[in-house]
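This report concerns only the one structure given below.
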Amino acid sequence: MSGDEVRGWLLDADYVTRGGRAVIRLWVKTESGVVRVFDDSFEPYFYCLLSGGVEDAVEALEALDLRGLEGVERKLLGSPVEMVRAVVHHPQDVPELRGRARALDSVEGVREAHVPFAIRYVIDRGLVPVGLHSFDVEERGGEFFLSDSEALETEELPELSVLAFDCEMLSDGSAPDPGKDEVVVISAATAEGTELFTAEEGEDGMIQSFLEFLDGVDPDVVVTYNGDDFDWPYLRDRAEVHDVDLDVGRDGSTPVFRDGARGNVDVRGRLNVDLYRVAERDVGGLRTKSLEDVAEHLGVVDRVDRASIDSLDVRSYWEDDGRRGELLRYAEHDAESTFGIATELLPLQLQLSRLVHRFPDDVSKMGRGRQVEWFLVSEAHEAGEVVPEPSPSEDSYAGGLVLEPKKGLHDDVVCLDFSSMYPSIMIAYNISPDTLVEGKEARELEEEEFFQAPEVEHRFRREPDGFFKRVLVELIEERRRAKAQRDAVLRGGERDGEQLRGEARLTDLRQRTLKVLANSFYGYTGWPAAAWYRQECAEATAAWGRHLIQEAVEEAEERGYEVLYGDTDSLFLKGVSDGEAEAFASDLTEMLPLELEVEAFYETIFFTGVKKRYAGVTRDGRMDVKGLEVQRGDWCDLAKEIQSRVLHMLLEGRDPEGAAELVRGTVEDLRAGNVDLEKLVIRKTLTKGFGRYKSVQAHVEAAKRLAAWGRDVSPGEKVEFVVIRGGGRLSDRSYPVEMFEEYVDGHLVTDRTASKKRVLEQSFRRKAVNRAGSSGSGARTGPEGEACDSRKYELDVGYYVEKQVVPAASRILNHFGFSDGYLMGQPRQATFEAF
DNA sequence: ATCTATGGCGAGTAAT
DNA sequence: ATTACTCGCCAT
Ligand SMILES: Nc1ncnc2c1ncn2[C@H]1C[C@H](O)[C@@H](COP(=O)(O)OP(=O)(O)OP(=O)(O)O)O1
Ligand SMILES: [Mg+2]
Ligand SMILES: [Mn+2]
């Protein structure tokens with residue numbers, strides 16, 4: 001036996017079964033390649049809480065087929081508790097044994113049986129996913145077995161090899177069906193460039209070539225865009241048709257497909273990351289999250305003029321020798337875009353992975369709440385805490401305080417805002433599920449032993465530091481550094497534009513992600529499905545927030561400043577001189593246990609008169625718009641564009657008259673039919689199945705029309721519709737824009753070849769992503785390709801004038817005496833009452 | 001099966 | 001006309 005060191009990055013962990021026993025397998029990326037390190041000394045277990053004594057429980061548990069039992073002391077929300085650790089033979093035995101243990105009278109409950117075996121190992125051994133480690137190993141039978149391990153501190157991230165892929169498949173008039181529709185192109189992109197695999201010589205061979213290529217590249221990370229729900233399961237089914245093994249695992253295994261509302265595909269030894277999931281959760285400021293949109297937003301591809309190919313048209317390109325090249329370039333471009341997005345988004349996923357103590361493929365698929373939970377699970381182990389299981393309750397609680405805004409235009413306004421308010425409150429008042437004291441115990445505490453929340457009066461021990469405080473201190477610090485980094489990039493300004501913008505975007509994404517994660521610790525305590533659910537914690541945090549902002553308001557007023565508005569942790573003040581702003585902020589930071597920051601100086605700001613809707617121009621020339629239609633994805637572009645121009649004319653040019661004329665001119669253009677249809681499309685998400693809506697909604701009716709027309713529609717999808725003239729409700733006149741082929745003279749003509757009556761076979765559905773983008777799968781012909789009559793509809797110009805453009809502009813201009821009637825084109829005097 | 005939280009606006013439907 | 005309610009999206 002020889003002792004060796006394996007030094008490298010922990011990429012993944014799983015286990016193999018040998019002789020009925022589970023052996024941990026670590027995938028470690030070293031300088032000389034990826035090495036497997038085994039550990040056969042670790043056994044799966046869970047905890048049993050006791051109803052009575054340890055002996056009773058042990059005796060009862062002995063009847064089960066357990067490998068071992070051990071009385072241990074662990075903490076439950078800070079209090080030491082005796083319990084039994086039940087060691088089992090194999091991870092697969094856990095579900096059954098947990099159930100049988102729970103059924104025993106002497107066992108009150110089971111804990112931590114849900115922690116996956118490999119994760120249990122990583123947590124218990126203090127390893128860090130994607131972290132650098134030194135493993136002492138011994139060689140046995142040509143394999144490394146671990147004898148000792150050490151996680152090494154570093155901020156550095158490993159350089160991982162990435163492969164992106166994307167599939168194109170044939171179909172007949174509806175979404176491709178993996179039972180019969182072949183994949184004809186697989187495009188792949190790596191750091192070396194792109195590679196195309198085509199089915200000219202058969203799908204079978206193409207899949208095999210792709211698999212060989214993947215094997216040769218041996219990527220650490222495989223990325224797709226919506227692959228978990230589409231490309232992967234489709235490829236699985238096609239491979240099955242040809243009896244081909246989809247052996248993409250690093251150990252030659254096929255992926256593990258887990259069923260669920262959303263797909264979950266696990267590739268052994270590699271990280272399978274579906275970037276659509278990541279973009280959906282982390283990338284902000286986009287109306288839709290299609291591959292193209294996100295790639296362009298992140299600046300990873302040049303927006304080339306490339307006709308995007310509808311998935312239903314793939315056949316026509318494929319079968320036409322003259323156009324096949326176009327299809328191939330399209331496929332190649334998709335793989336490149338996916339690869340490019342990975343380059344931008346993966347580093348943050350790797351960092352989150354370290355924080356949360358789960359591997360990046362899992363983290364990338366988790367909601368923020370579960371990320372918080374796994375973060376806590378690993379911290380809990382270190383603290384000897386067992387993961388709790390509270391009983392959920394339903395009622396909600398009061399949140400942040402929003403002040404009534406003072407309507408109108410204001411000059412020289414300072415905006416102040418507390419840094420990381422709720423997390424800082426949780427730290428300052430030691431708010432945590434394990435520091436909460438209730439009932440008799442709470443009443444008996446001495447005054448100096450606890451903090452008591454205003455209004456709601458929940459009490460928290462001052463000592464010792466709670467679980468959440470310990471965790472949040474570090475996370476807040478990490479976020480503070482990330483924000484400083486972003487600000488440094490922004491200040492560095494001016495230099496080279498393009499690269500700087502990319503850098504600013506990424507550092508901003510990082511600081512924002514950490515901020516939201518930190519705030520999610522607060523939200524998590526108020527989430528009924530959370531293991532550490534304690535509504536009192538969330539409620540107390542919000543109550544202290546209301547208290548602190550009111551303190552700040554009082555102080556501001558005492559100093560003679562006018563409070564124009566405030567939301568949760570912010571204040572907009574007028575009458576503050578330049579020197580006073582920083583002084584006010586630092587004085588409050590001294591007075592209160594939180595940091596108050598000067599967030600912006602507004603040269604001019606306009607409050608619409610309702611909460612959460614305002615716009616301002618800062619001294620450095622930045623325009624901030626909050627809540628207004630400009631920021632919303634469910635208004636047509638024309639209305640948004642006009643509102644944006646009105647705001648600029650008002651705030652930068654002080655020209656409400658000019659702005660009103662602009663609106664009137666636009667109304668004229670609209671009535672004359674001089675506006676692109678694209679600017680009139682309204683988009684709203686279909687959030688649930690048709691049958692689950694309790695009220696009639698325009699976008700839902702539009703979606704039904706789309707479905708009746710033959711297009712597969714599913715929840716999560718953005719419905720794009722326009723409004724047609726006619727009688728009845730709006731919802732009777734909302735039509736999916738996809739139905740129309742022509743727009744001339746204010747009239748829309750439906751696609752002639754479409755059939756309204758055809759019945760669509762339900763098959764694999766390419767979900768929201770694809771159709772939210774440019775490659776919607778609209779049916780062009782019925783199953784028999786029969787043509788049907790085209791129909792002509794007239795656009796409801798009046799709707800766009802009265803319900804889109806004018807309301808958006810009027811929100812601002814009514815304050816300056818312009819009535820809706822005037823904005824719509826009527827002469828001035830007729831409409832004086834509107835003021 | 002999924003889900004961090006609450007406050008808030010504005011549009012539309014349907015009942016009054 | 002008013003009002004209660006649902007829905008989607010946004011601010012924090
Ligand atoms: N996404 C969210 N989830 C839960 N709570 C939130 C969320 N966003 C904001 N809040 C709550 C908690 C915040 O501390 C508080 C004030 O919001 P905000 O000022 O935007 O963030 P912040 O104070 O945490 O960070 P910052 O340092 O950027 O101001 O509102
Ligand atoms: Mg704020
Ligand atoms: Mn804040």
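Quick note on labels: first sequence line is chain A, next is B, and so on, each numbered from 1.
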Looking at the side chain of [X], which of [options] is the nearest nucleotide?
{"X": "Leu730(A)", "options": "dG8(C), dC3(B), dT13(B)", "result": "dT13(B)"}
{"X": "Val610(A)", "options": "dG8(C), dC9(B), dA5(B)", "result": "dC9(B)"}
{"X": "Trp635(A)", "options": "dA11(B), dT13(B), dC3(B)", "result": "dA11(B)"}
{"X": "Tyr522(A)", "options": "dA11(B), dT12(C), dT6(B)", "result": "dT6(B)"}
{"X": "Arg613(A)", "options": "dG8(C), dA5(B), dG10(B)", "result": "dG10(B)"}
{"X": "Lys611(A)", "options": "dC9(B), dA11(B), dG8(C)", "result": "dC9(B)"}
{"X": "Gln697(A)", "options": "dC7(C), dA14(B), dG8(C)", "result": "dC7(C)"}
{"X": "Asp417(A)", "options": "dA11(C), dG8(C), dT12(C)", "result": "dT12(C)"}
{"X": "Val516(A)", "options": "dT6(B), dT4(B), dG7(B)", "result": "dT4(B)"}
{"X": "Lys626(A)", "options": "dT6(B), dA11(C), dC9(B)", "result": "dA11(C)"}

I would like to know whether Tyr422(A) and Phe521(A) meet side chain to side chain contact (heavy atoms under 4.5 Å, CB included); could you show each step before the answer?
-> CA-CA 9 Å; Tyr422(A) 284 11; Phe521(A) 277 74; over 6 Å; no

Does Phe521(A) or Glu404(A) map to a spot on DNA chain B nearer the 5' end, using the closest nucleotide for each?
->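 Counting from the 5' end, the first nearest nucleotide belongs to Phe521(A).
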
Tell me which of Gly400(A) and Ser520(A) sits closer to the 5' end of DNA chain B, going by the nucleotide each one is nearest to.
->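 First, find each residue's nearest nucleotide; the 5'-ward one identifies Ser520(A).
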
From NZ (Lys718(A)) to CD1 (Ile682(A)), nearest 0.5 Å | 13.5 Å

State whether [X] places a side-chain N or O below 4.0 Å from either non-bridging phosphate oxygen (OP1 or OP2) of [N].
{"X": "His699(A)", "N": "dG8(C)", "value": "yes"}
{"X": "Tyr693(A)", "N": "dC5(C)", "value": "no"}
{"X": "Tyr614(A)", "N": "dT12(C)", "value": "yes"}
{"X": "Tyr397(A)", "N": "dG7(B)", "value": "no"}
{"X": "Ser731(A)", "N": "dT13(B)", "value": "yes"}

Would you classify [X] as touching base, sugar-phosphate or nothing, given that sugar-phosphate means primed atoms plus P, OP1 and OP2, and contacts are heavy atoms under 4.0 Å?
{"X": "Arg811(A)", "result": "sugar-phosphate"}
{"X": "Gly369(A)", "result": "sugar-phosphate"}
{"X": "Lys612(A)", "result": "base"}
{"X": "Thr541(A)", "result": "nothing"}
{"X": "Tyr565(A)", "result": "nothing"}
{"X": "Lys688(A)", "result": "sugar-phosphate"}
{"X": "Ala698(A)", "result": "nothing"}
{"X": "Arg632(A)", "result": "base"}
{"X": "Tyr422(A)", "result": "nothing"}
{"X": "Val372(A)", "result": "nothing"}
{"X": "Ser695(A)", "result": "sugar-phosphate"}
{"X": "Tyr533(A)", "result": "nothing"}
{"X": "Ser570(A)", "result": "nothing"}

So, do Phe467(A) and Trp532(A) have ring centers that fall under 6.0 Å from each other?
->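 Yes.
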
Integer-rounded Å distance: [N] [atom2] and [X] [atom1]:
{"X": "Arg368(A)", "N": "dA5(B)", "atom1": "CZ", "atom2": "C1'", "answer": "14 Å"}
{"X": "Asp569(A)", "N": "dT6(B)", "atom1": "CG", "atom2": "C1'", "answer": "14 Å"}
{"X": "Asp732(A)", "N": "dG12(B)", "atom1": "CG", "atom2": "C1'", "answer": "12 Å"}
{"X": "Phe468(A)", "N": "dA5(B)", "atom1": "CZ", "atom2": "P", "answer": "13 Å"}
{"X": "Arg733(A)", "N": "dG12(B)", "atom1": "CZ", "atom2": "C1'", "answer": "11 Å"}
{"X": "Lys694(A)", "N": "dG12(B)", "atom1": "NZ", "atom2": "P", "answer": "21 Å"}
{"X": "Lys515(A)", "N": "dA11(C)", "atom1": "NZ", "atom2": "C1'", "answer": "10 Å"}
{"X": "Arg729(A)", "N": "dA11(B)", "atom1": "CZ", "atom2": "P", "answer": "19 Å"}

Taking only Lys NZ, Arg NE, NH1 and NH2, and the carboxylate oxygens of Asp or Glu, determine whether Asp569(A) and Arg546(A) approach each other closer than 4.0 Å.
-> no

When you check the gap from the basic side-chain N to the acidic O, do Lys803(A) and Glu629(A) get nearer than 4.0 Å?
->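 No, Lys803(A) and Glu629(A) are not salt-bridged.
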
Distance-only polar pair, side chains of [X] and [Y], donor-acceptor under 3.5 Å:
{"X": "Ser419(A)", "Y": "Glu595(A)", "answer": "yes"}
{"X": "Tyr799(A)", "Y": "Gln804(A)", "answer": "yes"}
{"X": "Asn430(A)", "Y": "Thr435(A)", "answer": "no"}

